[in-house]
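The structure presented is a predicted model; accordingly, all values stated were derived computationally and were not measured. Residues take their numbers from the sequence shown, with the count starting at 1.
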Amino acid sequence: MDEVTSPRSEEPVQGLVTWIFSTLSRSTCVTPTTPVAPTYLKNNMSEILNIAVHGAAGRMGRRVVALASADPLLKVVAAIENDDNALLGQDAGDLSGVETLDVPLSSQWPTDADVVIDFSLPTAIDRCIEQCIAHDTALVIATTGMTDAQVDKLQQAAKIIPIVWAPSMSLAVNLTMKVTQQITEKLRDVPGGLDIEIIERHHRYKADAPSGTALKFGDLIADKLDDGTRHVHGREGHTGQRQRNEIGYHAVRVGDNPGEHTIVFGMLGERIEINVAASNRDCYASGAIAAAKWLAEKPAGMYDMFDVLEM
Ligand SMILES: NC(=O)C1=CN([C@@H]2O[C@H](COP(=O)(O)OP(=O)(O)OC[C@H]3O[C@@H](n4cnc5c(N)ncnc54)[C@H](O)[C@@H]3O)[C@@H](O)[C@H]2O)C=CC1
Ligand SMILES: O=C(O)C1=N[C@H](C(=O)O)C[C@H](O)C1
């Protein structure tokens with residue numbers, strides 16, 4: 001990519017805005033009822049890529065099955081679920097509202113997958129990592145709320161297999177992460193001080209809080225601040241005045257919200273609020289599919305969506 005289409009983080013916001021528009025103009029608008037394969041990334045694959053979906057019966061797993069099955073470069077070869085799942089044996093395509101794929105939900109690990117796309121639960125992650133290593137399979141891992149030990153295990157696994165790990169596979173979210181880092185760099189020494197708060201909103205079924213995405217926003221922003229930044233989760237009681245070196249997190253759980261993050265940069269006299277919100281889950285599913293295609297040709301290593309999106 002040339003400089004305009006692939007700004008580095010230290011480049012000015014103007015370059016990033018140009019890149020956002022050029023990227024979005026090449027992206028596919030996907031609706032849940034008419035799945036369309038993502039086109040915002042080039043790939044040079046000459047062969048069909050075999051995809052296994054881990055957590056295939058879940059909210060995200062179904063959308064990955066639906067979008068992957070509509071992609072001529074992909075074949076869904078396995079739909080993996082837990083061994084006591086009531087839906088085992090049902091066809092993954094039927095379950096996802098697309099055509100029958102002759103891929104039954106199964107707890108057996110497939111032998112013919114090139115890449116596993118995981119949207120499951122932390123309790124499922126250890127086996128997923130172990131099986132991907134055992135079968136020499138690339139792994140796109142989207143599950144949030146992992147323990148520190150699981151993160152360590154994932155880092156070790158990346159020495160053996162290629163892994164893309166990101167708490168949000170969304171193009172818009174990852175772009176917004178870059179933008180908020182640039183804003184932080186510009187405002188960190190503003191007279192009067194800068195207060196940064198992260199508000200995330202998700203559906204009532206979400207099991208972890210704050211979201212993995214909110215935590216990553218906080219880590220990336222903290223990278224641009226002084227050492228000693230404190231991460232503060234909620235406020236209650238006689239908290240005293242807000243300290244300068246805090247990033248605040250607030251998790252809202254409401255209805256069927258598929259994911260929304262607001263980063264507030266508060267100053268004396270004015271503020272900036274950056275909001276990025278999903279309308280449906282296909283931004284995450286198509287991002288994970290793009291990551292799977294990208295990863296298929298990579299050596300062992302730990303990658304993220306900034307790598308995939310060349311940001
Ligand atoms: N990185 C990203 O872009 C995104 C990440 N997520 C994360 O993905 C995860 C899943 O989200 P949802 O689909 O909404 O949850 P969900 O609860 O609808 O789906 C999880 C699925 O995993 C299955 N599962 C449980 N144990 C399993 C096992 N041992 N083996 C295989 N499958 C197993 C469950 O039966 C269920 O079908 C969450 O951690 C969520 O935070 C969600 C959306 C986007
Ligand atoms: O559980 C979800 O739904 C989502 N989880 C991810 C997270 O925790 O960051 C990503 C997205 O916001 C949706």
When you check the side-chain N and O atoms of D91 and T100, is any donor under 3.5 Å from an acceptor?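 Note: D91 and T100 side chains miss the donor-acceptor criterion.
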Distance-only donor-acceptor check, side chains E197 and H250, under 3.5 Å: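 Looking only at side-chain atoms, H250 and E197 do form a donor-acceptor pair, the distance falling under 3.5 Å.
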Using every non-hydrogen atom in the two residues, find where [X] and [Y] come nearest and quote the distance to one decimal.
{"X": "A292", "Y": "I51", "answer": "CB-CD1, 3.9 Å"}
{"X": "A92", "Y": "V65", "answer": "O-CG1, 3.7 Å"}
{"X": "A288", "Y": "M169", "answer": "N-CB, 3.7 Å"}
{"X": "L87", "Y": "A57", "answer": "CD1-CB, 4.0 Å"}
{"X": "P210", "Y": "L215", "answer": "CG-CD2, 3.7 Å"}
{"X": "A214", "Y": "H261", "answer": "N-NE2, 3.6 Å"}

Can a donor-acceptor pair be found, under 3.5 Å and without considering hydrogens, that links the side chain of [X] to the backbone of [Y]?
{"X": "S96", "Y": "R62", "answer": "yes"}
{"X": "Q243", "Y": "Q241", "answer": "yes"}
{"X": "T137", "Y": "H135", "answer": "yes"}
{"X": "Y284", "Y": "P258", "answer": "yes"}
{"X": "N257", "Y": "V254", "answer": "no"}
{"X": "S69", "Y": "A66", "answer": "yes"}
{"X": "N245", "Y": "R230", "answer": "no"}
{"X": "N275", "Y": "E260", "answer": "no"}
{"X": "T213", "Y": "P167", "answer": "yes"}
{"X": "E81", "Y": "S107", "answer": "no"}

More than 12 foreign heavy atoms under 6.0 Å from [atom1] of [X]: is that the case here?
{"X": "R242", "atom1": "CZ", "result": "yes"}
{"X": "Q155", "atom1": "CD", "result": "yes"}
{"X": "K75", "atom1": "NZ", "result": "no"}
{"X": "D256", "atom1": "CG", "result": "no"}

Check the hydrophobic clustering (I, L, V, M, F, W, Y; side-chain heavy atoms under 4.5 Å; chains of links allowed) and say if [X] and [Y] are grouped together.
{"X": "I117", "Y": "I161", "result": "no"}
{"X": "M60", "Y": "L101", "result": "yes"}
{"X": "V252", "Y": "V232", "result": "no"}
{"X": "I247", "Y": "I199", "result": "no"}
{"X": "L121", "Y": "W165", "result": "no"}

Pair L105-L95, side chain to side chain contact (heavy atoms under 4.5 Å, CB included): steps then yes or no: CA-CA 9 Å; L105 287 186; L95 202 61; 3.6 Å; yes
Evaluate the side-chain proximity of [Y] to [X]: yes if any heavy-atom separation is below 4.5 Å, no if none is.
{"X": "V53", "Y": "I80", "value": "no"}
{"X": "R281", "Y": "R59", "value": "yes"}
{"X": "V151", "Y": "T147", "value": "no"}
{"X": "P104", "Y": "Q90", "value": "no"}
{"X": "D118", "Y": "V140", "value": "no"}
{"X": "I129", "Y": "L154", "value": "yes"}
{"X": "K178", "Y": "L175", "value": "no"}
{"X": "L139", "Y": "C128", "value": "yes"}

Only one of D195, D226, D223 passes salt bridge (Lys or Arg N to Asp or Glu O under 4.0 Å) with R188; say which it is.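 The residue from D195, D226, D223 that satisfies salt bridge (Lys or Arg N to Asp or Glu O under 4.0 Å) with R188 turns out to be D226.
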So, taking the atom named [atom1] in [X] and the one named [atom2] in [Y], what distance separates them when rounded to the nearest 0.5 Å?
{"X": "I263", "Y": "T180", "atom1": "CD1", "atom2": "OG1", "result": "5.5 Å"}
{"X": "T176", "Y": "I274", "atom1": "OG1", "atom2": "CD1", "result": "7.5 Å"}
{"X": "E270", "Y": "F265", "atom1": "CD", "atom2": "CZ", "result": "13.0 Å"}
{"X": "L49", "Y": "D114", "atom1": "CG", "atom2": "CG", "result": "4.5 Å"}
{"X": "Q150", "Y": "T143", "atom1": "CD", "atom2": "OG1", "result": "9.5 Å"}
{"X": "T229", "Y": "I221", "atom1": "OG1", "atom2": "CD1", "result": "10.0 Å"}

Ion pair E273/R271, N-O distance below 4.0 Å: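 Salt bridge between E273 and R271, a charged N being under 4.0 Å from a carboxylate O: yes.
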Charged N to carboxylate O below 4.0 Å: is that the case for D71 and K293?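 Yes.
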After noting the C-alpha distance and the side-chain angles of T184 and L225, does the key distance pass the side chain to side chain contact (heavy atoms under 4.5 Å, CB included) rule? CA-CA 8 Å; T184 306; L225 298 170; 3.5 Å; yes
Any cation-pi pair here, K216 with F306, using under 6.0 Å and within 45°?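 The answer is yes, since K216 meets both limits relative to F306.
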Determine whether the aromatic ring centres of residues H231 and Y249 are separated by less than 6.0 angstrom.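 Judged by ring-centre distance (under 6.0 Å), Y249 and H231 do meet the cut-off.
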Centroid separation under 6.0 Å, is that true for the rings of W294 and Y303?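 Between W294 and Y303, which both carry aromatic rings, the centre distance is below 6.0 Å.
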Should M305 and S168 be marked as a side chain to side chain contact (heavy atoms under 4.5 Å, CB included) after you check the CA-CA gap, both sets of side-chain angles, and the distance that decides it? CA-CA 8 Å; M305 285 306 282; S168 180; over 6 Å; no
Show your working on side chain to side chain contact (heavy atoms under 4.5 Å, CB included) between D208 and K206 and close with a plain yes or no. CA-CA 6 Å; D208 55 318; K206 185 163 177 58; 2.7 Å; yes
So E200 and R253, salt bridge (charged side-chain N to carboxylate O under 4.0 Å, His left out) or not? Walk me through it. CA-CA 8 Å; E200 58 100 332; R253 295 290 171 265; 2.7 Å; yes
Apply the side chain to side chain contact (heavy atoms under 4.5 Å, CB included) test between K153 and each candidate in I125, D126, I133; give the one that qualifies.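 Option passing the side chain to side chain contact (heavy atoms under 4.5 Å, CB included) with K153: D126.
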